[in-house]
There are 2 protein chains.
Amino acid sequence: MVALVDTGLLGDAPALPERVELQLRERILAGDLRPGTFLRPDRLAVELGVSPTPVREALQALRADDMVRALPRRGFVVAPLERGDVIDLFAVQARITGELAARAARALDAEGLAGLRVRAAEVDALIEAGEPGDLAQAERRFHTALNRASGARKLAWLVGRAAHYLPPRFYTDRRAWRTATVAAHRTLLDALAAGDPDTARAAMEGHVLDGRDLLVAHLEAVGFWDET
Amino acid sequence: MVALVDTGLLGDAPALPERVELQLRERILAGDLRPGTFLRPDRLAVELGVSPTPVREALQALRADDMVRALPRRGFVVAPLERGDVIDLFAVQARITGELAARAARALDAEGLAGLRVRAAEVDALIEAGEPGDLAQAERRFHTALNRASGARKLAWLVGRAAHYLPPRFYTDRRAWRTATVAAHRTLLDALAAGDPDTARAAMEGHVLDGRDLLVAHLEAVGFWDET
DNA sequence: GCGCGACAAATCCCATAGGATATGGTCGCG
DNA sequence: CGCGACCATATCCTATGGGATTTGTCGCGC
């Protein structure tokens with residue numbers, strides 16, 4: 001539908017396969033492409049207004065993420081995703097993210113803490129103002145900075161994967177999420193400043209599980225798990 | 001080097017991008033392509049004897065796995081992987097796999113248990129005989145069946161990712177691994193038969209951590225973390 | 001000698017065309 | 001009504017090419 005090949009001035013923007021991948025992720029989680037749906041590369045290419053090449057590359061990336069499955073010579077299908085799967089995945093994400101917060105509480109120096117306060121202030125400001133697009137970006141930057149502060153690079157990447165299941169607009173316009181987020185960030189920063197790993201861990205786990213509840217509610221709302 | 005496009009009778013074999021992906025994984029973990037190395041699609045295509053298209057698709061899959069990183073308009077680089085990263089990742093894998101074993105201990109019925117015994121017997125037999133290739137396949141089948149018996153599909157997939165870091169030949173010819181594996185499988189099966197989740201969990205966690213130690217030792221041996 | 005800007009070469013990224021191969025459906029036959 | 005062969009369709013990979021961008025080199029001025 002919408003032209004993806006637009007701008008011309010790309011800068012360091014992700015390449016086309018990555019944008020197609022994101023697009024497909026959103027369509028799957030939006031309930032547009034339910035589990036079991038066949039994805040035909042050529043058909044998708046026409047719909048997205050690009051050539052089959054980047055579409056196939058995006059599908060390979062989604063396969064590596066188990067979002068779709070490859071059936072050799074028969075195309076791709078959207079992978080199953082039960083309610084229990086979401087619960088399990090976010091339980092793992094919560095544990096890891098909590099661990100990262102705990103490590104950050106031990107490792108963080110004054111400079112890093114100041115940087116996190118700035119990020120958190122940006123999120124708060126955008127929540128006050130109400131700028132959905134920028135809010136999602138600010139929230140991601142806050143968490144990225146926090147996870148990076150833990151010093152565990154690969155674990156930080158691993159939890160970043162959870163964001164794949166939470167496209168921006170699923171939470172930025174939720175009033176409940178906004179208020180909970182402000183409170184969670186405050187608790188987190190206090191714990192980090194005090195060097196209190198346990199409190200930081202608990203606050204972060206709760207924050208992640210809030211995201212889980214939001215995703216489950218969304219998927220139920222769009223009929224992701226309805227019969228046929 | 002070796003032609004990947006060989007057989008002609010493919011059956012249900014994975015498609016070319018998936019085979020290229022595996023090839024690249026092995027070359028990275030073998031220390032042939034160290035972190036920071038630039039990967040040029042066209043160059044790799046020539047080396048592997050395939051066209052650039054499936055190579056690019058494989059690189060996109062590896063990017064989704066954070067094994068390589070994409071630099072738009074500049075190609076791909078092998079992602080960093082510190083010793084601490086491996087420790088962290090396998091700590092997570094051990095916890096999850098242990099959880100799956102515990103669930104299996106609760107959920108397994110007589111039929112499933114019998115199937116697992118058959119798989120374990122196949123592994124034992126191959127260890128006696130000494131058939132590296134088939135052994136890796138049998139081991140994978142045993143664990144796949146066990147993970148599937150837990151009923152947690154997504155978690156089962158998640159731990160399957162750990163196998164990406166353990167190409168077959170890294171363990172099948174290790175005497176220590178063989179004896180430890182036979183013992184671990186026996187303990188596991190006994191715990192599953194007795195419906196003892198805690199023992200199953202502990203046995204599985206130990207089994208995974210054995211794999212971790214093997215990988216770390218291998219990476220040190222091939223100079224993966226040597227200077228420059 | 002050193003930094004800096006312009007040109008040239010190399011490379012990536014994506015589009016497109018085409019052929020080999022496997023799949024799924026359809027039709028005819030037993 | 002079940003079953004096997006044929007045919008249309010789609011996938012998968014190759015090959016090629018062009019536009020855009022980055023990188024490397026050279027020469028100039030300071």
Side-chain angles (χ1 to χ4, degrees), chain A residues 1-25 27-28 33 36-64 67-79, chain B residues 1-25 27-28 33 36-64 67-79:
Chain A
M1 295 286 195
V2 173
L4 282 169
V5 68
D6 46 11
T7 64
L9 53 102
L10 293 176
D12 261 18
L16 196 45
E18 207 162 336
R19 282 181 286 161
V20 172
E21 177 192 346
L22 187 63
Q23 192 91 351
L24 290 176
R25 261 185 222 286
R27 287 184 62 178
I28 291 172
L33 302 172
T37 306
F38 270 80
L39 300 178
R40 264 84 72 86
D42 291 12
R43 190 100 40 180
L44 286 174
V46 174
E47 286 183 27
L48 297 173
V50 300
S51 82
T53 306
V55 172
R56 292 193 59 77
E57 292 179 14
L59 286 170
Q60 290 293 335
L62 291 174
R63 174 184 62 77
M67 191 78 88
V68 308
R69 299 218 156 105
L71 307 180
R73 292 284 173 192
R74 299 205 303 142
F76 298 80
V77 291
V78 179
Chain B
M1 300 281 196
V2 173
L4 283 170
V5 69
D6 46 11
T7 64
L9 53 102
L10 293 177
D12 261 19
L16 196 46
E18 207 162 336
R19 283 181 286 163
V20 172
E21 177 191 346
L22 187 63
Q23 192 89 354
L24 290 176
R25 260 185 224 287
R27 287 185 62 177
I28 291 171
L33 303 172
T37 307
F38 270 80
L39 300 179
R40 265 85 71 88
D42 294 8
R43 189 100 42 182
L44 287 174
V46 174
E47 287 182 27
L48 297 172
V50 299
S51 80
T53 305
V55 172
R56 292 192 58 77
E57 293 179 13
L59 286 171
Q60 291 291 336
L62 290 174
R63 173 184 61 77
M67 191 78 91
V68 309
R69 299 217 157 106
L71 307 179
R73 292 283 171 191
R74 298 203 304 141
F76 298 81
V77 292
V78 179

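Chain naming here is simple, since letters A, B, ... match the order of the sequence lines and numbering starts at 1 in each.
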Original post:
Do the side chains of B/I28 and B/T37 get nearer than 4.5 Å, heavy atoms only?
Top reply: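 Result no, sub-4.5 Å side-chain heavy-atom pair not found.
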Subject >> Nearest non-hydrogen partners of A/A61 and A/E21, listed with the distance >> reply: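 Taking every non-hydrogen atom into account, CB-OE1, 3.6 Å.
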Original post:
Between A/L59 and A/P41, which heavy-atom pair has the shortest distance, and what is it?
Top reply: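 It is CD1-CG, 4.0 Å.
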Original post:
Quick one: on DNA chain C, does A/R74 or A/P17 contact a more 5' nucleotide (nearest heavy atom)?
Top reply: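 Of the two residues, A/P17 wins.
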Find the distance [X]:[atom1] to [N]:[atom2] and express it as a whole number of Å.
X     : N      : atom1 : atom2 : answer
A/R56 : D/dC13 : CZ    : P     : 6 Å
B/L59 : C/dT11 : CG    : P     : 16 Å
B/F76 : C/dT11 : CZ    : P     : 16 Å
A/D42 : C/dA15 : CG    : C1'   : 13 Å
A/R40 : D/dT9  : CZ    : P     : 13 Å
B/R43 : C/dT11 : CZ    : C1'   : 9 Å
B/L44 : C/dT11 : CG    : C1'   : 13 Å
B/L16 : C/dA20 : CG    : P     : 18 Å

**OP:** Output the single nucleotide from D/dC12, C/dT11, D/dC13 whose closest atom is nearest the side chain of A/P41.
**Re:**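 Of D/dC12, C/dT11, D/dC13, D/dC12 is nearest to the side chain of A/P41.
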Original post:
Just how far is it from atom CZ of B/F76 to atom CZ of B/R56, taken to the nearest 0.5 Å?
Top reply: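 Here the interatomic distance stands at 5.0 Å.
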**OP:** Could you tell me the separation between the CG atom of B/L39 and the CG atom of B/L62, rounded to the nearest 0.5 Å?
**Re:**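 Reported value, rounded in 0.5 Å steps: 8.5 Å.
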Subject >> side chain to side chain contact (heavy atoms under 4.5 Å, CB included) between B/R27 and B/E47, worked out >> reply: CA-CA 12 Å; B/R27 287 185 62 177; B/E47 287 182 27; 3.1 Å; yes
Interface polar pairs with nucleotides 15-19 of chain D, N/O, under 3.5 angstrom:
unit_1: D/dG19; atom_1: N2; unit_2: B/R73; atom_2: NH1; d: 3.4

